[in-house]
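Right, one structure below, let's go through it.
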Amino acid sequence: MNIDLLVAILMTIAGAATPLLIAALGELVVEKSGVLNLGVEGMMLIGAVTGFAIAVSTGIPALGALGAMIAAALASAIFAFLTLSLMANQVATGLALTIFGTGVSALIGAPFVGITTSTLGPIFPAALANDPIGRLIFGHSPLVYIGLILTFAVWWFLKHSRAGLILRAVGESDSAAHAIGYPVLKVRYLAVLFGGAMAGLAGSYYSLVLTPMWAERLTAGRGWIAIALVVFASWRPGRVLLGAYLFGLVITMELQAKAAGFNMFAPEFLAALPYLATIAVLAVISVAKRGGVAAPACLGKPFRAAA
Amino acid sequence: MFDITRRRLLSASAAIAFTAGSVLPAAAQSGTNGEGVEPPVKAAFVYVGPVGDFGWTYAHDQARQCLEKNLGDKVETSYVENVAEGPDAERVIRQLAQEGNDIVFTTSFGFMNPTIKVAKQFPDVKFEHATGYTTGGNENMGLYNSKFYQGRAVLGTIAAMMSKSGKAGYIASFPIPEVVMGINAFQLAAQKVNPDFETQVVWVNSWYDPAKEADATNALLSQGADVITQHTDSPAPLQAAEKAGAIAFGQAWDMTSFAPNAHMTAIVDQWCPYYTKRVQALLDGTWEADNVWLGMAEGEVEMAPFNDKMPAEVKEAAQKIVDETKAGEYEIFTGPIKDQSGEVKIPEGEVIPEGDLLKMDWYVEGVKS
């Protein structure tokens with residue numbers, strides 16, 4: 001295998017993994033605070049369409065990515081208000097958010113069907129990415145680096161910052177956190193807004209980087225994979241990174257194997273591989289039980305402050 | 001995979017909305033044999049995808065709008081989009097029949113059985129199903145399809161003439177006869193130009209998954225293909241080809257806007273002539289159930305304008321195939337045709353019958369799948 005092909009494959013893996021990583025890290029923070037938001041797919045679509053619309057209107061893709069974060073955070077604010085302030089069922093509201101996001105993104109996107117825009121291209125000077133190794137290090141879209149930095153930031157925040165400790169306390173025992181004076185609902189609101197912004201950013205990866213266009217259901221179910229990744233990673237940022245890149249690897253290898261004319265297995269089997277791999281890893285994790293498998297204790301439970 | 005919820009919910013809520021409205025008895029329909037339907041004819045369309053997919057469903061909806069333009073106030077149209085194939089489709093089709101539509105076009109392969117069922121219950125309503133193979137014996141149900149493979153032969157010719165590596169990448173959805181036939185037509189035409197030409201197929205197991213289509217394109221390009229063609233519905237492969245400086249072709253509609261440099265031409269689905277003809281027949285009282293498979297000659301399959309980047313001799317060769325196909329002088333599935341193992345499957349001079357094409361399950365020489 002020559003180095004060009006290897007680098008091309010590695011870059012495709014990073015591309016496939018990045019949006020999953022960013023969306024899953026956002027959802028991880030949300031779940032760590034004790035809230036289950038199943039609306040990731042809907043928020044990603046809202047992010048994708050808003051990012052594209054802004055990039056087309058202004059000609060600045062970076063502005064589109066920013067707008068995507070704001071729009072998806074606004075959508076998540078609806079979810080937060082319903083589930084946190086009005087104590088609506090989180091599962092049902094999250095599903096409703098996905099359906100809402102699918103519909104509203106189709107509505108917003110209608111005038112933008114059939115056009116394309118400039119992409120959110122590499123940030124480093126092209127001279128650095130001339131040889132294969134340089135390309136592997138410097139040739140990615142900025143979102144790939146943001147995903148890696150974000151993994152570290154979320155890990156540090158949860159593990160080593162006071163605010164992260166409070167967030168985890170809220171997710172593990174909301175009444176205890178409340179009793180010692182922490183604003184449970186405020187913490188959860190902020191977590192949900194962060195999760196929304198990350199989902200929006202992940203969605204904009206599809207409409208601004210991978211396939212610079214808008215079409216209905218552009219993300220094609222990736223939001224659900226992001227949610228599964230959080231469980232897969234047993235709520236640990238480092239494992240989310242691992243899981244996202246593993247998923248990217250399996251998806252890419254499936255397509256590379258087919259493109260290389262490797263037809264030992266039926267295409268249906270290869271297409272099922274990512275999901276089989278997910279099940280296998282989940283099974284291994286649950287058998288191994290080496291710490292941190294459990295979900296946050298208050299996940300999905302509404303909180304009403306005692307009077 | 002995970003996209004059932006919206007379709008389910010949409011069609012379910014549509015069904016509820018319909019039930020709440022007034023329901024006309026089926027007997028109130030007009031359109032007996034020999035005399036035409038009083039204008040305006042009410043025509044309804046059932047779509048499998050969103051009208052904004054810029055592919056299959058988009059083409060059908062463009063044809064619906066064109067039908068309205070052609071017949072003016074003699075026709076009234078309506079549509080339901082995002083209808084899941086299966087039981088939901090049956091409910092939607094039945095509701096459209098009950099609402100007093102004179103003719104219902106169901107535009108996806110998976111709507112065939114639901115259409116057959118509903119057609120039995122509403123003998124006075126006409127039904128037209130796209131891409132199916134049977135009407136279940138209903139006399140009020142017709143079948144229509146287009147010979148897209150004729151366009152694939154043009155693409156194959158352009159691909160082989162412009163490729164430097166002699167290898168094309170084919171992004172395919174599912175191994176059904178319609179897709180297999182397209183792959184074979186493409187490869188056969190390419191082989192006529194370059195006997196060593198190869199077509200590498202990657203199945204993405206979806207009609208519509210832009211991210212996966214793009215990744216598959218990148219995989220094919222990194223493995224040496226320099227021409228990309230597709231039988232999936234999104235413009236994603238074109239965009240990936242554009243980025244890599246390869247050439248590619250649009251699917252179902254002119255997709256030049258997505259890839260001004262890579263887009264050589266596209267197979268454009270033109271359903272408008274057929275829709276206009278059938279509704280006109282209903283007005284005239286001459287509608288009869290038929291089973292048509294029309295192509296370039298009838299204007300159902302068109303090629304999008306050739307890109308200026310195409311050398312003159314390539315344009316000429318491509319146009320020649322279009323002209324000869326229209327004149328009935330060019331048929332890509334003419335023997336000798338060898339299968340993947342190199343054995344002659346169709347002897348010299350023999351043409352694969354239409355019936356066999358519609359259940360094609362083997363690949364010609366040079367296809368790597």
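In this text, all values refer to a predicted model and were calculated from it rather than measured experimentally.
Neither the backbone nor the side chain of A:Val7 comes within contact range of chain B, judged by heavy atoms closer than 4.5 Å. With a 4.5 Å cut-off on non-hydrogen atoms, A:Ala110 does not touch chain B at all. No part of A:Pro19 comes within reach of chain B, as not one of its non-hydrogen atoms sits under 4.5 angstrom from that chain. The contact between A:Ile115 and chain B is made entirely by backbone atoms, counting heavy-atom distances below 4.5 Å.
Note on B:Val201, B:Val202, B:Asn218: by heavy-atom pairs under 4.5 Å with chain A, the leading option is B:Val202. With chain A as partner, the option from B:Lys243, B:Met255, B:Glu213, B:Gln200 having the largest number of non-hydrogen pairs under 4.5 angstrom is B:Gln200. Contact count against chain B (heavy-atom pairs under 4.5 Å) is highest for A:Thr116 among A:Thr252, A:Asp4, A:Thr116. Interface check for chain A: of the options B:Pro235, B:Gly169, B:Gly55, B:Ala240, the most heavy-atom pairs under 4.5 Å are formed by B:Pro235. In terms of heavy-atom pairs under 4.5 Å with chain A, the best-connected choice from B:Ala211, B:Ala259, B:Gly224 is B:Ala211.
Rounding to the nearest 0.5 angstrom, the gap separating the CG atom in A:Leu5 from the OG atom in B:Ser222 is 5.0 Å. Between the CG atom in B:Leu238 and the OG1 atom in A:Thr211 there is a gap of 12.0 Å [rounded to 0.5 Å]. For the atom pair CD1 (B:Ile171) and NZ (A:Lys258), the distance works out to 10.0 Å, reported to the nearest 0.5 Å. Remark: B:Ser234 OG to A:Arg217 CZ distance equals 11.0 Å, nearest 0.5 Å. Distance check: B:Lys212 NZ to A:Leu210 CG gives 13.5 Å after rounding to the nearest 0.5 Å.
Minimum interatomic distance between A:Met213 and B:Phe258 (heavy atoms only, all atoms of both residues): CB-CE2, 3.5 Å.
The closest side-chain heavy-atom distance from B:Asn82 to A:Glu216 is below 4.5 Å. Side-chain contact between B:Gln223 and A:Leu255 is absent, with no heavy atoms from C-beta onward closer than 4.5 Å.
The number of heavy-atom neighbours closer than 6.0 Å to CZ of A:Phe100, taken from other residues, nucleotides and ligands shown, is 12 or below.
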